[in-house]
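This report concerns only the one structure given below.
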2 protein chains.
Amino acid sequence: MLKEERQQRILGEVELHNRILLTDMAEILDVSIDTVRRDVKELDAANKLQKVHGGAISMGFTTYSARNNNIYALEQKTIIAEKAVTLLKQGGVIFIDGGTTCMELARLIPDDLELTCFTLSLPVAMQLLTKPNVTVIFVGGQISKEAQISIGANAIHHLSEIRVDYSFIGTGYVDALFGLTEFDWDIVQVKKAVIKASKKTVLLSISEKLNSQHRYKTCDISAINTMITELDPDNNLLNLFRNYDIRLL
Amino acid sequence: MLKEERQQRILGEVELHNRILLTDMAEILDVSIDTVRRDVKELDAANKLQKVHGGAISMGFTTYSARNNNIYALEQKTIIAEKAVTLLKQGGVIFIDGGTTCMELARLIPDDLELTCFTLSLPVAMQLLTKPNVTVIFVGGQISKEAQISIGANAIHHLSEIRVDYSFIGTGYVDALFGLTEFDWDIVQVKKAVIKASKKTVLLSISEKLNSQHRYKTCDISAINTMITELDPDNNLLNLFRNYDIRLL
DNA sequence: ATATATTTTGCTGTATTATGCATTTTATTT
DNA sequence: AAATAAAATGCATAATACAGCAAAATATAT
């Protein structure tokens, strides 16, 4: 048996039972306790579990499962998501877009908040399933391999049949003058449909994307009700956006 | 034997069993262990697999590890999935159900196979996204927290609008006399809709589920065209099913 | 076709890694 | 404090990795 394989099984047991004893694992895996000890030590060093006297305990559920730890600018995106969470209301009906920033928002939804969430994004939907009081409704359609979201006529048609209080969307590029733009035409089409299906639209974007543009246009800045960046709302970088009827957060 | 061919076989073994030992591969391929080692080294450099001491593990193994360890009767399910893969035809339009057995099927779809796959299952959809030549279409709806699949009127309605060549479904319980049954009423409703949307229905079930039943009925055995278990088709345990016009695999 | 590079492969000896055992040190319990 | 359990340490053994080399296979040039 390969070392990695063994360590995976140890991890699996830990995830399953929340705790293990080294002696048990040694017997299950049919290796010496020293080997198990060394494995657990490595896994602990890799933050996959927590080593304790005589065994190991799970780190908790969310740590390793769906969340990649190589998200670009995660710090900023977490700040944005935290601000976005404050807009959520008990019993609300919202839409959450795909992308890593929206993923953070989905992750940070409090356990006690009751919501109905629509989404086009497979990862976001998976994340939302961990929230006990969130009803998840996936807007079906053909799935884009890169973006992992529903695209195409079908998805757009389904969106035309719903109307949510708030939609939280990301964008590839945003500019005060040119509005929201994308690299991908299909994505633009569904984003348009999302905005149309929302009473209010909230844009989540890291400041790095400000004043950038691309080929296809999703909407004007004026179509956005609230824009959230990781910056302080008074920051000068946001000045260009103050000409519009848009709330900065 | 060509180097390329050999590397493909190594990769195939890794995909299938999640791990290989260099010594095993050397024997299987009838080359020296050094050659295998060098091949694996190249494949590792190309990010096709992960080389470890004594062998190699598949890329998905570590990252998406929730799958591997906690799946009950994985070996049997892999056998079933391998049989199911043989039914797939280039350019086919199929439906893949949720559940761990169907997940295995999704995982084992060859990279070069062109398919259009419908599914209700979020994990299956995620898995299918890794297949370069598979078009994934997700049938939207409210997502069941436990089963992680679309349920409800919406999903059923969408299913009524499609017709696939083959559907591959799992079931909670199966009995020659009572047919396919489930614990959950909502699940039964979508399963019915799936069967109605398929020209041919293939049931994937480990033999352990044979001759078991529960509260709600999905369909009679006669509604199934092919049943795949991990057993040999001639196995006596399948005798009761021979009274029906059903292909055993 | 022949001769010449280039690549691939297997073999050798040496370095590295993994594992289990014995012993000492440290932590936990009574 | 004594008894016990677990962890750390050092070491021996076996398996594996690696570098270098030569033979074989393949490709390329003349």
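Please read these numbers as outputs of a predicted model, since none were measured by experiment. Note on naming: letters A, B, ... go to the chains in the order of the sequence lines (proteins, then strands), and numbering restarts at 1 for each one.
- Straight-line distance from the CD atom of B:E42 to the C1' atom of C:dT8: 10 Å, rounded to whole Å.
- Ranking D:dC18, D:dA7, D:dT9 by closeness to the A:D34 side chain, first place goes to D:dT9.
- A:E4 has no carboxylate O lying under 4.0 Å from a charged side-chain N of B:R19, or vice versa, which leaves the two without a salt bridge.
- Atom pair A:E5:CD and C:dT19:P shows a separation of 11 Å (rounding to whole Å applied).
- One atom, CG of A:L29, and another, C1' of C:dG20, lie 15 Å apart when rounded to the nearest Å.
- Checked by atom type and distance alone, the side chain of A:K83 pairs as donor or acceptor with a backbone atom of A:T229 at under 3.5 Å.
- Looking at A:T119, its side chain does come within 3.5 Å of a backbone N or O of A:I96 through a donor-acceptor pair.
- Nucleic acid contact class of B:L22 (heavy atoms, under 4.0 Å, all strands): sugar-phosphate only.
- Counting non-hydrogen atoms under 4.0 angstrom, A:V36 reaches nothing in the nucleic acid.
- Contact record, B:K209 with B:G172: CD-O, 3.5 Å, taken as the closest heavy-atom pair.
- Within the 4.5 Å cutoff, the side chain of B:R247 has heavy atoms near those of the B:L87 side chain.
- Nucleic acid contact class of B:V52 (heavy atoms, under 4.0 Å, all strands): sugar-phosphate only.
- Distance from the side chain of A:T35 is smallest to C:dT19 among C:dT19, D:dA8, D:dA7.
- When rounded to the nearest whole Å, the span between CD of B:E27 and P of D:dT16 equals 13 Å.
- Between A:R37 atom CZ and C:dA22 atom P there is a gap of 15 Å when expressed in whole angstrom units.
- Rounded to whole Å, atom P of C:dT7 lies 14 Å from atom CD of B:E4.
- At C:dT19, one or more side-chain N or O atoms of A:R6 fall inside 4.0 Å of OP1 or OP2 (strictly under the cut-off).
- Rounded to an integer number of Å, the gap from B:K41 NZ to D:dT16 C1' is 13 Å.
- Not one side-chain nitrogen or oxygen of A:K3 sits closer than 4.0 Å to the OP1 or OP2 atom of D:dA15.
- Side-chain N or O atoms of B:K191 include none that pairs as donor or acceptor with a backbone N or O of B:T181 at under 3.5 Å.
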Below 3.5 Å is the cut-off: list the nitrogen or oxygen pairs between protein and nucleotides 24-30 of chain C, distance only.
| from | atom 1 | to | atom 2 | distance (Å) |
| --- | --- | --- | --- | --- |
| C:dA27 | O3' | A:H53 | ND1 | 3.4 |

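- Between the side chain of A:K131 and the main chain of A:I109, a donor-acceptor pair closer than 3.5 Å is present.
- Across the protein-nucleic acid pair, B:L2 atom CG and D:dA24 atom P stand 20 Å apart, rounded to whole Å.
- Distances shorter than 4.0 Å separate none of the side-chain N or O atoms of A:R38 from OP1 or OP2 on C:dG20.
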